[in-house]
Amino acid sequence: DFETEAVDFGGDLTVSIETIEHLANPEFFLEGLRTASLFFTIPCYGDKANKFHKIEYSEESAKELIERFFPHLEYRMENGHMIGIATKNI
């Protein structure tokens, strides 16, 4: 359970595909990642609510969230999805 138990993934890379928007507290998940890099996708449709999403992200809000934990972010937007790689250190 990524919302109540501490996550401590080791290694070099964590992959999170269409996951973060399903968490009510994504900060808890991201803070627990000990990996150097994160490859992720997040749908960024803004206010188009999806009943399965706990949080709906815009491009800007997703960028701000990821950069709080992984300061080096490269991404592109494709069909309303942010696809990116973020690192803690370069």
Side-chain angles (χ1 to χ4, degrees):
D1 182 355
F2 294 141
E3 295 182 284
T4 60
E5 297 178 21
V7 177
D8 189 0
F9 295 124
D12 295 327
L13 175 68
T14 297
V15 177
S16 175
I17 307 296
E18 309 291 311
T19 307
I20 293 172
E21 67 278 5
H22 294 276
L23 302 174
N25 186 4
E27 292 86 356
F28 187 79
F29 168 69
L30 292 168
E31 186 175 327
L33 296 178
R34 301 288 180 242
T35 55
S37 300
L38 172 68
F39 176 82
F40 67 93
T41 65
I42 302 174
C44 297
Y45 298 121
D47 60 356
K48 294 182 180 178
N50 178 315
K51 67 180 182 177
F52 299 108
H53 294 177
K54 302 270 177 88
I55 301 174
E56 294 295 338
Y57 291 95
S58 65
E59 178 180 350
E60 188 60 32
S61 64
K63 180 177 182 282
E64 288 174 6
L65 173 68
I66 299 298
E67 285 182 326
R68 274 189 267 156
F69 301 94
F70 292 86
H72 309 285
L73 171 63
E74 292 185 36
Y75 73 93
R76 70 173 193 212
M77 295 298 295
E78 188 169 312
N79 297 322
H81 289 74
M82 179 179 280
I83 302 166
I85 183 82
T87 58
K88 291 186 178 183
N89 302 308
I90 18 180

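A pairwise comparison of heavy atoms in E18 and I42 identifies OE2-N, 4.2 Å as the closest pair. For the pair K54 and H22, the tightest heavy-atom approach, listed with the atom from each and the gap, is CG-O, 3.0 Å. Residue F69 comes nearest to L65 through the heavy atom pair CD1-O, 3.4 Å, listed as atom of the first residue, atom of the second, then distance. Considering all non-hydrogen atoms of both residues, I66 and A86 come closest at CG2-CB, 3.7 Å. The minimum heavy-atom distance linking Y57 with P26 is given by the pair OH-CG, 3.3 Å.
Annotation: the span from L33 atom CG to F28 atom CZ amounts to 11.0 Å, rounded to 0.5 Å. For the atom pair CG of L13 and CZ of F39, the computed distance is 8.5 Å after rounding to the nearest 0.5 Å. Rounded to the nearest 0.5 Å, atoms CD1 (I85) and NE2 (H72) are 12.5 Å apart. To the nearest 0.5 Å, atoms SG (C44) and CD (E78) are separated by 12.5 Å. The distance from the OG1 atom of T87 to the CZ atom of F70 is 8.5 Å, given to the nearest 0.5 Å. Annotation: the span from T41 atom OG1 to E21 atom CD amounts to 7.0 Å, rounded to 0.5 Å.
Hydrophobic clustering (side-chain heavy atoms under 4.5 Å, transitive across Ile, Leu, Val, Met, Phe, Trp, Tyr) keeps I17 apart from Y45.
Between F40 and M82 the shortest side-chain heavy-atom distance falls below 4.5 Å.
Checked for salt-bridge contact, K63 and E67 meet the test: a charged N lies under 4.0 Å from a carboxylate O.
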